[in-house]
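One structure is given below, encoded as structure tokens.
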There are 2 protein chains.
Amino acid sequence: MDSKKLALYEARAKIFKAMAHPSRLIIVDELSHGEKCVCELTALIGADVSTVSKHLALLKNAGIVNDRKHGNQVFYTLRVLCVLNFFNCVETVLKTTAKEQLQLLKKV
Amino acid sequence: MDSKKLALYEARAKIFKAMAHPSRLIIVDELSHGEKCVCELTALIGADVSTVSKHLALLKNAGIVNDRKHGNQVFYTLRVLCVLNFFNCVETVLKTTAKEQLQLLKKV
DNA sequence: TGGTTATTTGGCTAAATTACCAAATACTTG
DNA sequence: CAAGTATTTGGTAATTTAGCCAAATAACCA
């Protein structure tokens, strides 16, 4: 594994890392319905504004969202829509596990 | 955000977390070519066997890989193939960022 | 300008993650 | 059974992440 390839995997991992938190997944999900300001997302998540702001900064740094300042407020949008496809597969993983556990229980 | 919904987002986040490490992405990528034993994956990654074993345990716990013991060795396979689709979108994010930076440089 | 609202940043603490080594386990083979 | 190989598990130290509060910025409005 040369360092060039490793760097590529690190860049990829950074994007997964950005998605790897419940609050940030809630944000991505919410932004799929359109642009939202920090205040709306904060209300939805129910954490401190500063915490939500840091989650947003992280998503932005990973290239997943864009921000736009309008007067007092900052509005965030999804920058790359395909991240929404992630959810389908994640659901598949969860369902596969659930089915497997059901099978195990049937054998009891 | 009720606790039921939050639990779902946490379950999803767990899967992203499992993918959020370069070594684990290398593993997933390698397993797309078929079953591999711990020793092969360890050689590929170049970390301590115990470290790789823990990465594999984490992937298994997230429901992304399966393991199968054969004699002395343990072979791992992808359990849910759609995780490979993740890579396409991750590439899109990286390319979008690269293009944007190119645009910024052109303006200089 | 002075006060108010929205957002970000800095600082700190607690919790989670990662890596390695050493030891335990499991299986094979002589 | 003893020795050897493959893998997992336990323990520990270093690093990263997450959350909150307080303070700094930025933009609005009276």
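Because only heavy atoms are used, hydrogens play no part in the values below, and waters and symmetry mates are left out as well, while side chains stay in. Each chain gets a letter, A, B and so on, in the order its sequence line appears, and its residues count up from 1. Only a predicted model underlies this, so the values are computations on that prediction, with no experimental measurement involved.
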Next item on the list: Could you please name the option among C:dT8, C:dT7, D:dT7 that lies closest to any side-chain atom of A:Ser53?
Entry: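 Within the option list, the nearest is C:dT8.
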
Could you check how far [atom1] of [X] sits from [atom2] of [N], rounded to whole Å?
| X | N | atom1 | atom2 | result |
| --- | --- | --- | --- | --- |
| A:Glu40 | C:dT5 | CD | P | 18 Å |
| A:Asn61 | C:dT8 | CG | P | 14 Å |
| B:Leu6 | D:dA18 | CG | C1' | 15 Å |
| B:Leu41 | D:dA6 | CG | P | 14 Å |
| A:Leu56 | D:dT17 | CG | C1' | 16 Å |

Check: Backbone N or O of A:Gly63 within a donor-acceptor pair of the A:Arg79 side chain at under 3.5 Å?
Finding: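 Here the side-chain-to-backbone pair exists.
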
Next item on the list: Would you name the heavy atoms of A:Leu56 and A:Val38 that are closest together and state the gap between them?
Entry: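 Residues A:Leu56 and A:Val38, closest heavy atoms: CD1-CG2, 3.9 Å.
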
Notebook entry, point to check: B:Val83 and A:Cys89: which non-hydrogen atoms are nearest, and at how many Å?
Noted result: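 For B:Val83 and A:Cys89, the tightest heavy-atom pair comes out as N-SG, 3.3 Å.
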
Margin query: I want to check something: taking the side chain as every heavy atom from C-beta on, are B:His55 and B:Leu59 in contact at a cut-off of under 4.5 Å?
Written below: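 The answer is no, as the side chains (C-beta and beyond) never meet within the 4.5 Å cut-off.
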
Next item on the list: Taking the side chain as every heavy atom from C-beta outward, state whether B:Ile64 and B:Tyr76 have any pair of such atoms under 4.5 Å apart.
Entry: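 With C-beta onward as the side chain, the pair stays apart.
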
Check: Where does the angle between the aromatic ring planes of A:Phe16 and B:Phe16 fall among parallel (under 30°), tilted (30 to 60°) and perpendicular (over 60°)?
Finding: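 Aromatic pair A:Phe16/B:Phe16 classed tilted.
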
Check: Are B:Phe75 and B:Ile26 connected in a single hydrophobic cluster, I mean Ile/Leu/Val/Met/Phe/Trp/Tyr linked by side-chain heavy atoms less than 4.5 Å apart?
Finding: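 No, it is not one cluster - the side chains of B:Ile26 and B:Phe75 are not joined through contacts under 4.5 Å.
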
Note to self: Quick check on contacts: within residues 65-80 of chain A, what sits under 4.0 Å from DNA chain D by heavy-atom distance?
What the structure shows: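 Going residue by residue through residues 65-80 of chain A, the ones with a heavy atom under 4.0 Å of DNA chain D turn out to be A:Lys69, A:Gly71, A:Asn72.
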
Margin query: What does the B/S/- profile of nucleotides 14-23 of chain C look like, 5' to 3', with a 4.0 Å heavy-atom cutoff to protein?
Written below: ---SSSBBB-

Checklist line | Where at least one partner belongs to residues 33-50 of chain B, residue pairs that pass side chain to side chain donor-acceptor pair (under 3.5 Å), sequence neighbours excluded | finding: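 Of all non-adjacent pairs touching residues 33-50 of chain B, those that pass side chain to side chain donor-acceptor pair (under 3.5 Å) are B:Glu35-B:Arg68, B:Asp48-B:Ser50.
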
